[in-house]
Chemist: 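I have a structure I would like to understand better, so I am pasting it below and will then ask my questions one at a time.
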Amino acid sequence: MKLITAIIKPFKLDDVKAALKAMTVEGMTVTSVEGFGRQGGHTEMYRGAEYQIDFIPKIKIEAVVADHDVTRVVEAIVEAARTDKIGDGKVWITPVEGIVRIRTGERDDDAI
Amino acid sequence: MKLITAIIKPFKLDDVKAALKAMTVEGMTVTSVEGFGRQGGHTEMYRGAEYQIDFIPKIKIEAVVADHDVTRVVEAIVEAARTDKIGDGKVWITPVEGIVRIRTGERDDDAI
Amino acid sequence: MKLITAIIKPFKLDDVKAALKAMTVEGMTVTSVEGFGRQGGHTEMYRGAEYQIDFIPKIKIEAVVADHDVTRVVEAIVEAARTDKIGDGKVWITPVEGIVRIRTGERDDDAI
Amino acid sequence: MDSGNVTWILVSGALVLFMTPGLAFFYGGMVRSKNVLNMLMMNFWCILVVPLLWVVVGYSLSFNGSGSVLGNFGRAFGRGFDFGGIEPAVMIFLATFAAITPALISGAVADRMKFAAWAIFVPIWSLLVYVPVTYWVFAPNGWLKARGSLDFAGGTAIHVNAGIAALAVILVLGKRKGWPRDGAPPHSMPLVMLGTGILWFGWFGFNAGSALAANGVAVQAFINTFLAASAAGLAWALVERIRNGHFTNLGVASGIVAGLVAITPGCGYVTSMSAIAIGLIAGVVCSVAIGMKFKFGFDDSLDVIGVHLVGGLVGSLLIGFFADPKGLGFDFAPGLFFGGNLHLLGEQALANGVTMAYSFVVTFAIAKALNATMGIRVTADRESEGLDVTEHVETAYNNSERTMGRSH
Amino acid sequence: MDSGNVTWILVSGALVLFMTPGLAFFYGGMVRSKNVLNMLMMNFWCILVVPLLWVVVGYSLSFNGSGSVLGNFGRAFGRGFDFGGIEPAVMIFLATFAAITPALISGAVADRMKFAAWAIFVPIWSLLVYVPVTYWVFAPNGWLKARGSLDFAGGTAIHVNAGIAALAVILVLGKRKGWPRDGAPPHSMPLVMLGTGILWFGWFGFNAGSALAANGVAVQAFINTFLAASAAGLAWALVERIRNGHFTNLGVASGIVAGLVAITPGCGYVTSMSAIAIGLIAGVVCSVAIGMKFKFGFDDSLDVIGVHLVGGLVGSLLIGFFADPKGLGFDFAPGLFFGGNLHLLGEQALANGVTMAYSFVVTFAIAKALNATMGIRVTADRESEGLDVTEHVETAYNNSERTMGRSH
Amino acid sequence: MDSGNVTWILVSGALVLFMTPGLAFFYGGMVRSKNVLNMLMMNFWCILVVPLLWVVVGYSLSFNGSGSVLGNFGRAFGRGFDFGGIEPAVMIFLATFAAITPALISGAVADRMKFAAWAIFVPIWSLLVYVPVTYWVFAPNGWLKARGSLDFAGGTAIHVNAGIAALAVILVLGKRKGWPRDGAPPHSMPLVMLGTGILWFGWFGFNAGSALAANGVAVQAFINTFLAASAAGLAWALVERIRNGHFTNLGVASGIVAGLVAITPGCGYVTSMSAIAIGLIAGVVCSVAIGMKFKFGFDDSLDVIGVHLVGGLVGSLLIGFFADPKGLGFDFAPGLFFGGNLHLLGEQALANGVTMAYSFVVTFAIAKALNATMGIRVTADRESEGLDVTEHVETAYNNSERTMGRSH
Ligand SMILES: Nc1ncnc2c1ncn2[C@@H]1O[C@H](COP(=O)(O)OP(=O)(O)O)[C@@H](O)[C@H]1O
Ligand SMILES: Nc1ncnc2c1ncn2[C@@H]1O[C@H](COP(=O)(O)OP(=O)(O)O)[C@@H](O)[C@H]1O
Ligand SMILES: Nc1ncnc2c1ncn2[C@@H]1O[C@H](COP(=O)(O)OP(=O)(O)O)[C@@H](O)[C@H]1O
């Protein structure tokens, strides 16, 4: 199994979710994060003082998937999240050595 | 060392923390996340327009533990987080290649 | 490639970001988390009832870096985040098997 | 009709109407973020339903009559008023009192009551409990008033009444899951403090407006309202500082409200220094009284009993000591400290005792009846998931930047 | 000068001024957190620019004159007032009406209008639309008033006027990206409810203050304002309960505002029971009317048309049925239900028809002209990123514990 | 006693009381979320402690006397008042002024002052600084007033006084860690805007209420308060637009408050057009003045000096130019633009100079003394962790769904 982590633009979440649902990825976990990257940030101004805000709201999606699904899932995410504008984000893959479904105690591929 | 990641129901955090504390896991990091899974979401309604909310508040716990502790810790979490109802969440294990305690510079098992 | 995960004190984020920027780490993702550790928490009191708050606000930084950068980056983070007081946090390293830049489809070291 | 008096009554009415949203924020800030909309809704509901009921029959039954126990229908459906006189203004001013009284109860039932049951409870309780008690205490011929008890702006009829009713309802409703071991701190203290500010602001209308004219009594009631709130806020803060080592915002807020409750019955009967004394006493007593619930094991979520019942009783009984007709220059029975005898204190005790007994019994019966028919408690699952989503299909805060699909 | 009347007018003025921030929170809570400051700013802008304009020329053109279509400059630059008389108080009281009227429109253009365009739109619209319509409807010699139409506190001149103007602007502005398929729930319902509370509180000044004296009419207007809000809040809540199964906070809030809008034109012309009827009707009609936008495909973000245009029309036309001079004891044309004929209803229809036609055409022209010159819509990128950061370089909520670099 | 005047004073008192929570939200929104409760508490503390002090001795020493420098104890402990007269209403109205004045200072010391030190500072400062300055400026025989300086509602006695005191305290207190390099944007701009709305609303009571009667002066003060706030909000917004390219909410909010401050001393002495001029000038001057702190290196966290000291001075000195007894039709010294000579301007300068000198020296001494005995600054650790948790064992926002253990 692998853990697929995707950093995407917030307004793309609905699309990515739909894409994953369509390919029967049945679970994922979503976190509100802030990203720093080439996209750069913006400046805010309060009573004349400038604040450089380097961090931009992003959404992180984590999904543990079976090995044979990894490529498809990554592609689906990339497809759904792309706007072709800077800041679209990344998807990365890390190894998972085991997973348990808390409710049933099922393990590994059964637990995904 | 391994990184144990658990997705649990928010109101179970206190129990899981107590269980981990009891087995002398001395550190963990907690994030408010939203989960998508079999549990399904709910519908909200504002001025007659329906919003399908697919994401449910969950808590993510991350703890880096020594290899020999992994099984015990996973079991303790599963035990403490279970309500036997859908949506109880998952626990998964990923490899960690090194860890440093920032304050002291201690490394690996000493740093956990 | 490796994923470097750092848990730091919130007010150190600016310093860590500056340090990483200085060494041309061009991307990272930041999450507001709560930490449980030796630092301990604090007590709050509402109408005479005591609440033991075990969790302390922390910042999690995640950065995927090329293998040859790992040591430097970890050291830079440790350096920048240290206050020598308890609760400074941890940095850990996990393996990454692949990464894609959503916008361009570039992969691995090119995508970082 | 004196334009100054009319203005005073109308402004006071607007202020008291504003108190119910204020109460909603005061309570709403204290609950968890998953239950805040339910709390707001329970309060707003009272300013929808009760005023209509009040104009249709409530006012007439509460104030219009010559008997000693209940009014008649002489002012029902808005009829019988002299359009050029002051009475319509007084009637609508009093509508806000009728509305906020059941709203007070909502703090006790927080986090677990079916909204449908609350929706029905409010008008029934208003008719069966609020209306008769108000007649006894306030109507010119009401028997408790006629015997000589004093209640300037609603200590007995409103705070004691609502406080004891809260106890009756929660005895039927039961404790929240996990209580008292588990809990959650207020989800938004700034919201609590906003509610506190609005309540204090509005309470000037509540108390000083109850003079029903812009005269010396109104001024004194205004002064007393101000000072008792300050004194009780200070007292509660100091109790916490001494007992626990810190000044807390929630302590100050609670003290302010306790002081406002306690001065409500006596604000037109005591001098400034007595108002300070009443405030200090109420702050100390209520800050201790809210511990009772843990001792006796009733889950009064937001301390309606500790603040409104106890604060109301304290303030009402202290009239028996502090009432000072000479100091204020108009005529009523003096309290023990100002040349009176035990009679006034006895009447205060009787009025509150009768109110508590009646309100408790009838409220308990209403709650039992609703529970037997429709059920008054949400399921355990709904309680865990939160009442905002399950009872109202809404979420209080959606701070995300996300866009989502919508259908209609 | 009667001190009670002056007090009433000044207090009412303060209350109505407070309504604009209230409206800002009501609207601001409903938008996404990335657009809330833009919404607040559009509203606050109106209380900066319009009152200045009002004192300089607006009031004079709107009220001072003997012609039937527009006033003159006799009171321009604050001149010509009798310092000891009531007129200065009335002038400043009315400034708050002028200010809140364009603010109402902001709810329709939410999330996508260039702030610079709004900044210019507001004073132009006030001068070209608000001022003449106000003269026709309210000035002693205004032609719609002279013909016999009734508008006590601004149903036609304010709500219908702003509502139809909102339609004109959004037809030029276009729909938000993704609308109607995508959307986002209100980012802070407590903020919406706070706005609702402030609006209701302030509306007593709006309606009852419009009597311009603390007299029996003011009292009745106060009562009617109260009851119509309650009734409409209840009606809207019940419609939702029956249609969708739940009582919602946003439903209650929307109903309260709809009721307040609907009673505005008639609050000084109907009795209490009629006010309840008007509130109930408005609550039902408006809760259905807000669905129109999906049917006809205009993106009225926060339902300004469904609530203010429709609510204002309902209330204004219902005067033709419910106006009751005998019931209130002073002199004006009776409605159909109280001995009148169709004449009044006809005049109401005419006044609203004329207002709608004029306001729509002129507003459309202003919006087109601004669009042609400076553009009134933000770029798609700015719309996605949010208007707070892109238009105002500010963020509403920074709940982080983080410290950041600053330069100045 | 005229019922209209009493109503006006009481309503104004309620409005001004509401300003202190308003100020708390205005300031509280600007600090970080870890310090907001400390900010609220510093403000609420003032409405607990100061009113009690005021009734017990403050009012008597500030207003009751025949000497030129200080009052006597003739009204101490609430005694000596004529129960049927207007004085008790005036006394309690003025209590709200006494309370908000030290509250203004809290904005300067944000994020780093020990609450225990603040708790003691407030009553001491009130007695040693506020009371005498008030006597000089306002009491019938006060020496600055007797010489001929004008201060209608508290520009000198309140804003200049509090502003310079803020400077004295922060010189003892020192800069926040990391200032000026590091900082944090306001944690909740909606809270700031709410505070702004409440302040504006309440300020009508502050300024127009200071006429102490519902007369022509009150009306003019009301108008001027309105217009100066609008004009200054607009001016500040335009300065930012020109200088930085954007209209910001915080700019508008700051401008509104600056305008309200600046019109406070002159609101009963100038005409509407002058009020607009004063507002415009104050908006421009204050928006520039808040940059001083970076230049001179004093850490005035929320710009109390830039807004209240500078705004107060501007408004007070401009009386010397704009005072217009003929325009207003009652009797006082005219300003330079309306037929006066330099005398009035000189007196204004003197009154403010004396106030600044006295207030600075005594406040500095109080702060030094407190620092030497108990310490006035929290430890660096507490400053980093935040004052809410460390000083008040509370957290402002707990938006989690989590349940936690509790003991009691
Ligand atoms: N090396 C990295 N490690 C972790 N997250 C990264 C990394 N690089 C970028 N990100 C995340 O991806 C987001 C987008 O990256 P950015 O460089 O702005 O644009 P792009 O994805 O188009 O290259 C960032 O905001 C950040 O959250
Ligand atoms: N494959 C997955 N990868 C990551 N997180 C998952 C995955 N499947 C489920 N989750 C997380 O676990 C939570 C519970 O899963 P769900 O399918 O609803 O119920 P259950 O755990 O009972 O099977 C989800 O809300 C989500 O946060
Ligand atoms: N084993 C662990 N796994 C994950 N996170 C940890 C672990 N131990 C500590 N942390 C994180 O690091 C933070 C600091 O740890 P703590 O033990 O308090 O101090 P120190 O870093 O000085 O040893 C914690 O608040 C927590 O977020």
Side-chain angles (χ1 to χ4, degrees), chain D residues 2-5 7-8 11 15 32-34 178 180-190 193-194 196-198 200-201 204-205 208 213-216 218-220 222-223 226-227 230-231 233-234 237 244-250 252-253 256 271-273 276 291 294 327-329 386 397, chain F residues 1-7 10-11 13-15 17-18 20-22 24-25 28 36-37 40-41 44-45 47-52 55-56 77-78 83-86 88-89 91-92 95 115-116 119 188 191 194 198 214 391-406 408:
Chain D
D2 178 89
S3 66
N5 291 343
T7 299
W8 180 235
V11 172
L15 284 169
R32 267 170 254 215
S33 54
K34 66 181 173 187
R181 198 184 55 91
D182 298 334
H187 92 278
S188 174
M189 279 300 303
M193 300 315 282
L194 172 63
T196 306
I198 294 176
W200 193 343
F201 177 53
F204 289 120
N215 54 20
V219 173
Q220 189 61 41
F222 189 103
I223 294 172
F226 199 134
L227 297 177
S230 295
L234 186 64
N244 314 320
H246 294 89
F247 294 104
T248 71
N249 282 265
L250 191 57
V252 165
I256 289 169
T271 61
S272 306
M273 292 303 116
I276 294 177
F294 296 116
L328 267 63
Y397 305 99
Chain F
M1 197 164 53
D2 178 88
S3 65
N5 290 342
V6 174
T7 299
L10 292 187
V11 172
L15 285 169
L17 185 272
F18 197 35
T20 298
F25 305 135
V36 50
L37 293 181
L40 300 188
M41 189 79 175
F44 272 83
W45 187 254
I47 44 175
L48 300 185
V49 173
V50 179
L52 299 176
V55 174
V56 171
F77 296 97
F83 182 69
I86 201 91
M91 182 278 292
I92 200 71
F115 185 75
S188 174
L191 201 59
L194 172 63
I198 294 175
E391 294 285 295
H392 306 290
V393 294
E394 296 178 298
T395 303
Y397 304 100
N398 292 290
N399 277 326
S400 89
E401 309 286 311
R402 293 184 349 222
T403 295
M404 53 182 65
R406 166 170 64 185
H408 40 88

Chemist: With only heavy atoms counted, which part of Met1(F) is less than 4.5 Å from chain D, the side chain, the backbone, both or neither?
Modeler: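 Met1(F) touches chain D through side-chain heavy atoms alone.
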Chemist: Would you say the side chain of Ile256(D) lies within less than 4.5 Å of the side chain of Leu48(F), judging by non-hydrogen atoms?
Modeler: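 When only atoms from C-beta onward are counted, Ile256(D) and Leu48(F) do touch, with a gap below 4.5 Å.
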Chemist: Tell me, for Thr7(D) versus chain F, whether the close heavy atoms (under 4.5 Å) come from the side chain, the backbone, both or neither.
Modeler: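 It is both, since atoms from each part get that close.
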Chemist: Tell me which of these, Ser272(D), Ala208(D), Pro186(D), has more heavy-atom pairs under 4.5 Å with chain F than the rest.
Modeler: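 That would be Pro186(D).
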Chemist: Contact part of Leu17(F) toward chain D, heavy-atom cut-off under 4.5 Å: side chain, backbone, both or neither?
Modeler: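 When you check distances to chain D, only side chain atoms of Leu17(F) fall under 4.5 Å.
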Chemist: I'd like to know whether Ile223(D) forms a side-chain contact (heavy atoms from CB on, under 4.5 Å) with Met91(F), so could you lay out the CA-CA distance, the side-chain angles of the two residues, the decisive distance to 0.1 Å, and finally the verdict.
Modeler: CA-CA 9 Å; Ile223(D) 294 172; Met91(F) 182 278 292; 4.0 Å; yes
Chemist: State which residues pass ring pair (Phe, Tyr, Trp, His ring centres under 6.0 Å) with Phe247(D); sequence neighbours excluded, sorted by chain then number.
Modeler: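 So Phe247(D) forms a ring pair (Phe, Tyr, Trp, His ring centres under 6.0 Å) with Trp45(F), Phe115(F).
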Chemist: Report which part of Ile86(F) has an atom under 4.5 Å of a heavy atom belonging to chain D: side chain, backbone, both, or neither.
Modeler: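 Ile86(F) has no heavy atom closer than 4.5 Å to chain D.
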Chemist: What part of Phe44(F) is in contact with chain D, defined as an atom under 4.5 angstrom from a non-hydrogen atom: side chain, backbone, both or neither?
Modeler: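 Contact with chain D: side chain only.
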Chemist: Of the backbone (N, CA, C, O) and the side chain (C-beta and beyond), which part of Met273(D) lies under 4.5 Å from a heavy atom of chain F, both, or neither?
Modeler: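 Just the side chain, heavy atoms under 4.5 Å.
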Chemist: Below 4.5 Å from any heavy atom of chain D, which atoms of Tyr397(F) appear? Answer side chain, backbone, both or neither.
Modeler: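 Both parts, backbone and side chain.
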Chemist: Among Gly233(D), Gly291(D), Pro190(D), Gly245(D), which residue forms the greatest number of heavy-atom pairs with chain F at distances under 4.5 Å?
Modeler: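 Option with the greatest count: Pro190(D).
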Chemist: Report which part of Thr395(F) has an atom under 4.5 Å of a heavy atom belonging to chain D: side chain, backbone, both, or neither.
Modeler: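 When you check distances to chain D, only backbone atoms of Thr395(F) fall under 4.5 Å.
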Chemist: Which heavy atom of Ala14(F) sits nearest to which heavy atom of Phe204(D), and what is that distance?
Modeler: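 Nearest heavy atoms, Ala14(F) then Phe204(D): CB-CD1, 3.7 Å.
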Chemist: Report yes or no: does Asn398(F) contribute a side-chain atom to a donor-acceptor pair with the main-chain N or O of Pro185(D) at less than 3.5 Å?
Modeler: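 Side chain of Asn398(F) to backbone of Pro185(D): no pair is present.
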Chemist: For Glu391(F), what residues pass the salt bridge (Lys or Arg N to Asp or Glu O under 4.0 Å) criterion, not counting sequence neighbours?
Modeler: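 Only Arg382(F) meet the salt bridge (Lys or Arg N to Asp or Glu O under 4.0 Å) criterion with Glu391(F).
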Chemist: Quick check on the interface: out of Ile198(D), Asn249(D), Leu250(D), who has the most heavy-atom pairs with chain F under 4.5 Å?
Modeler: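 Highest number of heavy-atom pairs under 4.5 Å: Asn249(D).
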Chemist: Go through the steps for Phe25(F) and Leu194(D) under the test side-chain contact (heavy atoms from CB on, under 4.5 Å), then give the verdict.
Modeler: CA-CA 8 Å; Phe25(F) 305 135; Leu194(D) 172 63; 3.6 Å; yes
Chemist: What residue in Gly78(F), Pro88(F), Ala89(F) has the most heavy-atom pairs under 4.5 Å with chain D?
Modeler: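 Result: the option with the highest number of such pairs is Pro88(F).
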Chemist: Can you check whether Ile47(F)'s main-chain N or O pairs, donor with acceptor, with Ser230(D)'s side chain at less than 3.5 Å?
Modeler: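 It does hold such a pair.
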Chemist: Could you have a look at Ala231(D), Ser3(D), Gly178(D) and say which one has the most heavy-atom pairs with chain F under 4.5 angstrom?
Modeler: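 Most heavy-atom pairs under 4.5 Å with chain F: Ala231(D).
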Chemist: Which value, rounded to the nearest 0.5 Å, describes the distance between Trp8(D) atom CH2 and Leu10(F) atom CG?
Modeler: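 With rounding to 0.5 Å, CH2 (Trp8(D)) is 4.5 Å from CG (Leu10(F)).
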Chemist: For Pro21(F) versus Gly197(D), what's the shortest heavy-atom pair and its separation?
Modeler: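 The answer is CG-CA, 4.0 Å.
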Chemist: Please identify, among Val6(F), Val50(F), Leu52(F), the residue contributing the most non-hydrogen atom pairs under 4.5 Å to chain D.
Modeler: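 Counting heavy-atom pairs under 4.5 Å, the top option is Leu52(F).
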Chemist: Between Ile276(D), Val219(D), Val252(D), Thr248(D), which residue shows the highest count of heavy-atom pairs closer than 4.5 Å to chain F?
Modeler: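 Of Ile276(D), Val219(D), Val252(D), Thr248(D), Thr248(D) has the most heavy-atom pairs under 4.5 Å with chain F.
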